[in-house]
Amino acid sequence: MSASLTRLDSRVEAALGVSIAALHAQEARLTAVAARVLDAHRALTKAETAVAFERVRLLICADRQRRVDADLLADLTTQLEVLEDAATARDQAEADLLARIEEMRGRPAASATAEPSAAAARTTACVR
């Protein structure tokens, strides 16, 4: 697996002493704490991807050659809410990864509870 890009990659690498690519290669031999860090990193990578995807969908929605009317504004509002939910999930994944890094360093970390994202429940009318 190729190295994923998150803004916390360097912190993960510093905490574990190996590159992200090496972590994936050594996954079977990781300690339980290091495995939790790797899992949290994967979750953050997935959440970052979701934010990027929803951002592009919002741009596509806004870029369409459509009359600016109530339907377009409703579609933009819906897509913006989906993007906001994705960003919230990303922020939670980032906080979880930071907590796992602190756990790796032997420091207790306060973990926030994740709320289910409403993005899955919404349908996006703009991108069909």
Side-chain angles (χ1 to χ4, degrees):
M1 178 176 198
S2 62
S4 302
L5 299 176
T6 70
R7 66 188 199 113
L8 297 179
D9 283 359
S10 61
R11 290 179 77 173
V12 170
E13 292 172 342
L16 296 174
V18 295
S19 70
I20 299 295
L23 278 175
H24 287 281
Q26 300 170 3
E27 183 174 5
R29 296 184 302 266
L30 293 178
T31 64
V33 175
R36 284 193 295 275
V37 170
L38 182 58
D39 288 343
H41 182 267
R42 280 190 180 125
L44 177 57
T45 300
K46 183 177 177 182
E48 291 272 7
T49 301
V51 167
F53 177 77
E54 296 303 339
R55 182 177 171 270
V56 169
R57 287 177 57 155
L58 177 62
L59 292 172
I60 290 169
C61 187
D63 194 38
R64 288 203 172 153
Q65 303 251 340
R66 291 171 52 186
R67 175 181 165 88
V68 177
D69 59 9
D71 288 340
L72 175 62
L73 295 175
D75 288 349
L76 288 170
T77 299
T78 299
Q79 188 59 43
L80 190 57
E81 289 171 356
V82 171
L83 177 60
E84 184 179 19
D85 290 342
T88 299
R90 188 252 350 255
D91 293 346
Q92 181 59 46
E94 190 173 90
D96 184 51
L97 177 57
L98 289 171
R100 299 297 75 79
I101 290 171
E102 291 302 313
E103 178 185 344
M104 181 75 189
R105 292 181 177 163
R107 298 180 193 141
S111 62
T113 58
E115 293 184 19
S117 173
R122 288 197 187 101
T123 57
T124 305
C126 196
V127 180
R128 295 178 184 152

Partners passing salt bridge (Lys or Arg N to Asp or Glu O under 4.0 Å) against [X] (at least two apart in sequence or in another chain):
X     : answer
Arg7  : Glu94
Asp71 : none
Glu84 : none
Glu48 : none

Spatial distance of atom [atom1] ([X]) from atom [atom2] ([Y]) [nearest 0.5 Å]:
X     : Y     : atom1 : atom2 : result
Arg67 : Leu72 : CZ    : CG    : 11.0 Å
Glu54 : Arg57 : CD    : CZ    : 5.0 Å
Arg11 : Leu8  : CZ    : CG    : 6.0 Å
Leu58 : Leu83 : CG    : CG    : 6.0 Å
Leu73 : Leu80 : CG    : CG    : 12.0 Å

Please list, chain by chain and in numerical order, all residues satisfying side chain to side chain contact (heavy atoms under 4.5 Å, CB included) with [X], sequence neighbours excluded.
X     : result
Val18 : Leu16, Ala22, Leu23, Gln26
Thr31 : Val33, Ala34
Thr77 : Glu81

Shortest non-hydrogen separation from [X] to [Y] and the atoms involved:
X      : Y     : result
Asp75  : Cys61 : CB-SG, 3.9 Å
His41  : Leu97 : N-CD1, 3.7 Å
Arg100 : Val37 : O-CG2, 3.5 Å
Met104 : Ala15 : CG-O, 4.1 Å

Taking only residues two or more places apart in sequence or in another chain, which ones pass side chain to side chain donor-acceptor pair (under 3.5 Å) with Arg90? none

Taking side chain to side chain donor-acceptor pair (under 3.5 Å) as the test, write out the residues that go with Arg29, two or more places apart.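 Arg29 satisfies side chain to side chain donor-acceptor pair (under 3.5 Å) with no residue once adjacent residues are dropped.
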
Name all pairs fulfilling the salt bridge (charged side-chain N to carboxylate O under 4.0 Å, His left out) condition that reach into residues 30-40, sequence neighbours left out, sorted by first residue then second. Arg36-Glu103, Asp39-Arg42

Check the side chains of Asp91 and Thr88 for a donor-acceptor pair under 3.5 angstrom, ignoring hydrogens and angles.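 No donor-acceptor contact under 3.5 Å links the two side chains.
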
